[in-house]
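Chain A is the first sequence line, chain B the second, and so forth, proteins listed ahead of strands; every chain is numbered from 1. Bear in mind that the values here come from a model prediction, so they are computed numbers and not experimental data.
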Amino acid sequence: MSGPSTYKPSTGIEKWLDSRLPIIRLGYDSFVDFPTPRNLNYWWTFGGILAVFLMIQIISGIVLAMHYVAHEDYAFDSVQRITRDVPFGWLIQSMHANGASFFFVAVYLHMFRGLYYGSYKAPREILWILGVVIYLLMMATAFMGYVLPWGQMSYWGAMVITNLIGALPFVGDAIREWLWGGFSVGQATLNRFFSLHYLLPFVIAGVVGLHIWALHVPGNGNPAGLEIKDPKKDALPFHPYYTVKDGFAIIVYLMVFATFVFYMPGVLGHADNYIEADPLVTPAHIVPEWYFLPFYAILRAVTFDIGPIDAKLGGVLAMFGAIAILFVLPWLDTSKVRSMRYRPLTRWFFIFFVIAALGLGWCGAKNPDDPVPLLGFKFVYLAQFLTLYYFAYFVVILPVLGIIEKPKDRPASIEASVLGNDKS
Amino acid sequence: MTKENGAPGGHGEEPTRRDFIYIAAGGAAAVGGGLVAWPFIDQMNPAADTLALGSIRFDTAQVEEGASVTVMWRGGPVFVRRRTEAEIAEAREAGLNSLPDDLARNDNLGNSAPAVDANRVLRPEILIVKGNCTHLGCVPLGPGSNTGDYDGWYCPCHGSHYDTSGRIRRGPAPENLPVPDYYFEGGEESTIVKIGLSPEEAATSGWQESDASGAVA
């Protein structure tokens with residue numbers, strides 16, 4: 001999308017640098033003069049917000065690693081020491097722990113944006129797939145990071161998730177011991193999780209680089225789902241139009257973040273994680289962090305054997321399948337129309353998909369055998385119904401609706417979508 | 001291979017020394033890559049000192065009838081339970097076809113031993129099983145709190161019920177609680193149990209051992 005570079009080195013040193021390492025030119029073409037559709041709404045600001053939160057997590061994490069002790073006897077106390085004794089440790093630890101949640105809030109909004117506006121469709125399939133890779137890396141990083149404080153939920157969350165691997169036929173037990181480095185979650189597990197938790201954010205940063213590269217080849221999608229035809233009419237330079245818009249969104253988002261960091265730093269955590277890990281006592285009700293709850297619900301929704309696959313393996317396959325299916329989404333949606341603004345039927349199925357995802361999160365937080373308020377039946381049945389819808393949305397609804405749905409008329413151009421069709 | 005400097009090669013022609021070098025170098029690189037990768041994969045497996053902590057000794061005389069004591073072995077819980085006459089009878093009455101998992105899961109026996117109660121214990125009154133639910137690894141509750149519908153153990157995480165032989169009877173857990181290698185040290189009269197070693201292994205190995213004390217009654 002970027003076309004010929006318009007960068008003109010003005011000073012002597014810029015000219016000298018530009019003929020040796022044109023890095024200022026790269027930055028200028030990518031973030032200053034980059035032609036960006038003029039109709040982007042606030043749903044498009046979460047990319048910038050995510051970049052900010054990746055930096056917050058890396059910087060606060062590096063600082064925490066200077067005080068944290070990755071040992072089963074000291075890890076819990078070292079985190080308590082950080083929050084009580086280390087100067088501003090309470091602030092940095094709170095930023096890091098809450099930052100993870102705000103990172104996931106932003107990534108989920110970013111993904112729903114992509115689902116609604118068809119951001120995964122040609123020619124942006126690789127861009128979408130790289131995004132799913134980043135999401136998977138985020139989940140792995142967050143999971144291992146949550147183990148590090150070595151509280152009861154840390155330990156038992158790690159126990160439950162690593163035991164999922166044991167469901168694999170034949171090799172499951174060997175792989176589980178290999179992950180643990182022992183016969184249970186223990187010192188070896190904690191130490192390697194710390195190492196990988198430090199590594200993965202930099203891998204994420206690398207894939208983010210590819211993600212932005214893949215974004216800058218076709219350019220941004222937009223709410224109208226149209227490509228830029230005439231950059232002079234359809235596009236605006238990224239700076240100052242979108243640096244300011246993104247900047248405003250980042251400030252608002254950081255204000256909400258600060259509210260949590262300062263006024264309710266523990267509200268997203270779990271009380272049981274203030275009890276040190278005890279391998280002999282399981283908490284009454286193990287729940288993952290909120291951002292994993294929908295997948296936890298899908299895992300537990302499979303309570304029956306499917307042919308030769310027993311319920312445990314079936315649950316594991318369903319859980320990983322729920323993420324894996326995102327990789328092939330660009331080829332499941334048969335509609336050529338990107339934006340659901342112009343897909344009157346699909347739009348409703350999408351809205352119900354969002355409700356299903358939130359509902360699965362609710363099911364994941366509850367005991368499967370408890371009754372659903374007002375409805376009366378058990379949560380596990382609600383989870384099964386919503387799991388069915390989750391998969392049906394991808395493998396039935398999107399493929400079929402693309403063929404049978406009659407889309408609404410779309411504007412002639414991005415400019416027309418903003419200014420009306422009459423101005424031609 | 002492409003023709004360079006007039007050298008023969010490529011499809012349909014006699015293989016040259018260059019072809020040989022090409023294949024040999026590629027093969028050596030593949031094998032070398034595997035040889036480098038293996039240490040980096042294998043280092044994640046349990047280390048020698050972890051393996052060395054493989055056995056413990058425990059005096060079963062501390063366990064009262066009807067009670068279960070949880071001992072720490074290999075970083076996880078092991079249940080040592082002294083069963084009552086009624087519990088033994090209950091375990092013996094269960095038919096194999098009423099068991100979701102009909103294998104004994106006893107490290108002291110072969111893989112195909114059936115899950116009859118006699119294959120789960122050395123002495124009828126002492127039952128020793130690993131204390132992690134075979135579903136997702138939680139520690140099931142036992143005598144003193146909640147023994148579930150089959151009077152053995154109940155896992156609060158996802159509702160698995162185990163019987164008085166530690167066998168899964170209902171719920172999502174796929175397998176019976178496994179029985180670790182163990183034997184009574186010093187013959188018939190002894191109450192001292194060695195967990196983590198079979199008698200044959202004990203005779204031949206120089207593994208370290210540690211004394212375990214009961215944790216939860």
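Counting heavy atoms of neighbouring residues, nucleotides and ligands inside a 6.0 Å radius, atom CZ of A/F391 exceeds 12 of them. Heavy-atom neighbours of A/F304 CZ from other residues, nucleotides or ligands within 6.0 Å: above the threshold of 12. More than 12 heavy atoms of other residues, nucleotides or ligands lie within 6.0 Å of CZ in A/F202, so this atom counts as buried by the packing criterion. The 12-atom threshold is exceeded at CG of A/D370, counting heavy atoms of other residues, nucleotides or ligands nearer than 6.0 Å. Environment of NZ in A/K366: sparse, with no more than 12 heavy atoms of neighbouring residues, nucleotides or ligands closer than 6.0 Å. Within a 6.0 Å radius of CZ in B/F40, other residues, nucleotides and ligands contribute 12 heavy atoms or fewer. Atom CZ of A/F327 is surrounded by more than 12 heavy atoms from other residues, nucleotides or ligands within 6.0 Å. More than 12 heavy-atom neighbours from other residues, nucleotides or ligands sit within 6.0 angstrom of CZ on A/F143.
Here the closest non-hydrogen pair linking A/R192 and B/Q43 is NH2-O, 4.3 Å. What you find for A/E177 and B/P46 is that their closest heavy atoms are O-CD, 3.9 Å. Scanning both residues, B/V139 and A/L280, for their nearest heavy atoms gives CG1-O, 3.6 Å. Between A/F183 and B/L51, the shortest heavy-atom contact is CZ-CD2, 3.5 Å.
Across B/G159, B/C138, B/P77, the residue that shares the most heavy-atom pairs under 4.5 angstrom with chain A is B/C138. Among A/G186, A/A174, A/P279, the residue making the largest number of heavy-atom pairs under 4.5 Å with chain B is A/P279. The most heavy-atom pairs under 4.5 Å with chain B, out of A/T303, A/D310, A/L164, come from A/L164. Each of B/L141, B/N132, B/L136 has some count of heavy-atom pairs under 4.5 Å with chain A, and the biggest count is that of B/L136. Between chain A and the options B/G75, B/G137, B/P140, heavy-atom pairs under 4.5 Å are most frequent for B/G137.
Neither the backbone nor the side chain of A/A188 comes within contact range of chain B, judged by heavy atoms closer than 4.5 Å. For B/I41, the parts lying near chain A are the backbone and the side chain together; criterion is any non-hydrogen pair under 4.5 Å. At a 4.5 Å heavy-atom cutoff, the contact between A/W178 and chain B is made by backbone and side-chain atoms alike.
Checking each of A/V160, A/T282, A/N367 against B/C157 for a side-chain contact (heavy atoms from CB on, under 4.5 Å) leaves exactly one that passes, namely A/T282.
The main-chain N or O of B/T134 is found under 3.5 Å from a side-chain atom of A/K312 such that the two form a donor-acceptor pair.
One finds the OG atom of A/S184 at 10.5 Å from the NZ atom of B/K130 (value rounded to the nearest 0.5 Å). A distance of 7.0 Å separates NE2 of B/H158 from CD1 of A/I286, quoted to the nearest 0.5 Å.
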